[in-house]
Amino acid sequence: MNEYVPGLEGVPATKSNISFIDGEKGILSYRGYPIEVLAERSTFEETALLLLDGNLPARPMLKAFDQDMRENRRVKFRIRELMRQMSPNGHPMDMLQSMMACLAMYYPDADGFVGGDHGADLDYVHNTSVRIIAHMTTMVAMWEHIRNGYDPIEPRTDLTHAENFLWMLTGKEPDRYIARIMDICLILHAEHTINASTFAVLVAGSTLASPYSVIASGIATLSGPLHGGANQAVVKMLHEIGTPEKADAYIEAQLKAKKKIWGFGHREYSVKDPRAVILEHLMHKFAAYKEHKVGPLFAIAQAVEKAATDRLGAKGIYPNVDFYSGVLYAEMGIVPDQFPSLFAMSRVAGWLAHWKEQLGQNRIFRPTQVYTGEMQRDYIPLERRV
Ligand code: COA
């Protein structure tokens with residue numbers, strides 16, 4: 001096939017049995033389990049193991065994985081010292097990408113993990129995956145304190161993954177109900193077939209680069225506003241709009257100016273993203289839990305959804321996962337430039353599952369191109385060029 005497809009739309013880049021999307025019916029499943037069921041019944045820990053290994057784990061396996069994750073929450077003090085040296089004004093995703101790549105310096109054990117055509121050492125892949133998932137969450141939380149000039153808060157082993165994150169982020173005993181909402185958010189963001197960042201992970205993984213570099217590629221690719229940075233952009237947009245009454249005119253003006261509405265549209269879905277449906281529902285539950293003492297963002301978001309859907313729905317453009325997640329995180333008191341990092345610390349489970357799958361069927365990515373340049377030009381000496 002020599003036909004160029006911009007954005008590789010519809011071009012299969014791999015074979016995978018990790019997740020499935022039916023974009024017309026609004027279906028998303030991980031390893032065959034609908035996202036709604038996992039959001040209702042699973043935990044991030046269980047979902048991560050499901051993604052990595054392919055099956056819902058039996059109790060002893062889940063217990064061992066959970067224990068490993070808890071024991072891998074602490075990061076080496078040299079990592080913390082490196083984080084202290086970083087500019088407090090930089091974007092958290094740039095910190096995260098840099099620190100993920102730096103981990104390879106402290107765990108230089110990747111050499112033996114692949115035997116070329118003989119496949120990967122599965123114990124190495126598993127143990128490294130646990131370390132990366134646990135460390136990433138720790139680093140996201142640590143950064144909030146370090147960039148504000150404080151010592152980070154030590155992780156605890158008596159809390160779940162989501163509870164520990166909230167503990168480390170806020171220094172307050174986590175509210176179980178809110179932590180469960182966070183846990184569901186982590187499940188919802190954990191995996192999503194071959195999106196841009198997962199594709200980057202596959203490409204880096206296919207060169208047998210170290211897993212830390214592989215995940216750093218995923219973080220870098222996720223950071224753009226067209227991908228995982230959209231949740232931050234949504235909240236900025238909602239603040240700009242200011243009140244629900246102004247949503248309609250704002251959307252009208254944006255579309256007239258041919259501007260994108262953040263948190264809307266998806267290459268795969270022509271209906272409302274099933275994750276956006278769950279996140280909106282979670283926001284309702286959050287508001288009820290807070291006895292409706294929440295800020296105006298949710299009401300503005302709902303007005304934007306109506307105004308934008310009225311105008312874009314006919315084109316199959318509806319809210320995506322980033323539309324309500326930012327509102328929910330903002331209500332939890334998390335600062336907007338951390339939203340993409342929250343996305344990354346969930347998606348890392350899916351990235352690692354794809355990395356493992358890639359290693360099991362590896363062939364280096366080396367696509368071709370449609371060359372549009374000149375074939376042969378005469379070299380003109382500098383003094384004769386005009
Ligand atoms: N607001 C307004 N118009 C939108 C839109 C949005 N959020 N998303 C897509 N469109 C329009 C485009 O302008 C284009 O219209 P045209 O055919 O008249 O030129 C058409 O829909 C196709 O858009 P395109 O950008 O080519 O689709 P894509 O599949 O390449 O891109 C996204 C998908 C997600 C990058 C795109 O929808 C987008 O930029 N959304 C906003 C960013 C965002 O929320 N990203 C998070 C994704 S989870």
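Index from 1, following the sequence. Every number for a ligand or one of its atoms is a count from 1 in the order of the listing.
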Original post:
For atom 1 (N) of ligand 1, what's the nearest protein heavy atom and its distance?
Top reply: Ile261 N, 2.9 Å
Original post:
Can you list the ligand 1 atoms lying under 4.0 Å from a non-hydrogen atom of His227?
Top reply: 46 (C)
Subject >> Pairing of Lys356 and Asp53 as salt bridge, 4.0 angstrom limit >> reply: yes
Original post:
Any salt bridge between Asp66 and Lys63, counting N to O under 4.0 Å?
Top reply: no
**OP:** Measure the distance from atom 40 (N) of ligand 1 to every protein heavy atom, then report the residue, atom name and distance (to 0.1 Å) of the closest one.
**Re:** Phe264 O, 2.9 Å
Original post:
Between Gln338 and Gln232, does any side-chain donor sit less than 3.5 Å from a side-chain acceptor?
Top reply: no
**OP:** Please write down residue, atom name and distance for the protein heavy atom closest to atom 34 (C) of ligand 1.
**Re:** Gly265 O, 3.6 Å
Original post:
Should the pair Lys272-Glu280 be classified as a salt bridge under the 4.0 Å nitrogen-to-oxygen rule?
Top reply: yes
Original post:
Are any non-hydrogen protein atoms located under 4.0 Å from atom 21 (O) of ligand 1?
Top reply: yes
Original post:
Is it true that Arg156 and Glu173 have a side-chain N and a carboxylate O under 4.0 angstrom from each other?
Top reply: yes
**OP:** Could you tell me whether Lys315 and ligand 1 have an N or O pair separated by under 3.5 Å?
**Re:** yes
**OP:** Work out whether the distance between some heavy atom of Gly263 and some atom of ligand 1 is less than 4.0 Å.
**Re:** yes
Original post:
Can you check whether Arg267 has an N/O within less than 3.5 Å of an N/O in ligand 1?
Top reply: yes
Subject >> Pairing of Glu252 and Arg311 as salt bridge, 4.0 angstrom limit >> reply: yes
Original post:
Does some non-hydrogen atom of the protein lie less than 4.0 angstrom from atom 24 (P) of ligand 1?
Top reply: no
Subject >> Distance-only N or O hit between ligand 1 and Leu312, under 3.5 Å >> reply: no
**OP:** Consider every N or O of Lys260 and every N or O of ligand 1, then say whether any pair is closer than 3.5 Å.
**Re:** yes
**OP:** Could you tell me the residue and atom name of the protein heavy atom closest to atom 42 (C) of ligand 1, and the distance to it rounded to 0.1 Å?
**Re:** Trp262 CE3, 3.7 Å
**OP:** Find out whether the Lys NZ or Arg CZ of Lys76 is both under 6.0 angstrom from the six-membered ring centre of Tyr107 and within 45° of the ring's axis.
**Re:** yes
**OP:** Pull out every atom of ligand 1 sitting under 4.0 Å from any heavy atom of Ala230, numbered as shown with elements.
**Re:** 43 (C), 44 (O), 45 (N), 46 (C)
Original post:
Is Arg73 paired with Asp68 through a side-chain N to carboxylate O contact shorter than 4.0 Å?
Top reply: no
Original post:
Just heavy atoms, cut-off under 4.0 Å: does Asn320 contact ligand 1 by side chain, backbone, both, or neither?
Top reply: side chain
**OP:** Could you check whether the rings of Phe343 and His227 sit parallel, tilted or perpendicular, using 30° and 60° as the cut-offs?
**Re:** perpendicular
Subject >> Nearest protein heavy atom with distance in Å, relative to atom 45 (N) of ligand 1 >> reply: Leu226 O, 3.1 Å
Original post:
Does the pair Glu81/Arg78 count as a salt bridge with the N-to-O cut at 4.0 Å?
Top reply: no
Original post:
For ligand 1, which atoms have a heavy atom of His266 less than 4.0 angstrom away?
Top reply: 37 (O), 48 (S)
Subject >> Geometric cation-pi criterion Arg84 and Tyr150, 6.0 Å radius, 45° cone >> reply: no
Original post:
Considering all protein heavy atoms, does one lie under 4.0 Å from atom 32 (C) of ligand 1?
Top reply: no
Original post:
For ligand 1, does Leu255 get within less than 4.0 Å through its side chain, its backbone, both, or neither, judged by non-hydrogen atoms?
Top reply: side chain
**OP:** Taking all heavy atoms of Val348 and all of Met136, pick out the closest pair and write down the distance.
**Re:** CG2-SD, 3.5 Å
**OP:** Can you pull out the closest protein heavy atom to atom 46 (C) of ligand 1? Residue, atom name and distance to 0.1 Å, please.
**Re:** Asp322 OD2, 3.2 Å
Subject >> For ligand 1, the portion of Ile317 having any non-hydrogen atom under 4.0 Å away >> reply: side chain
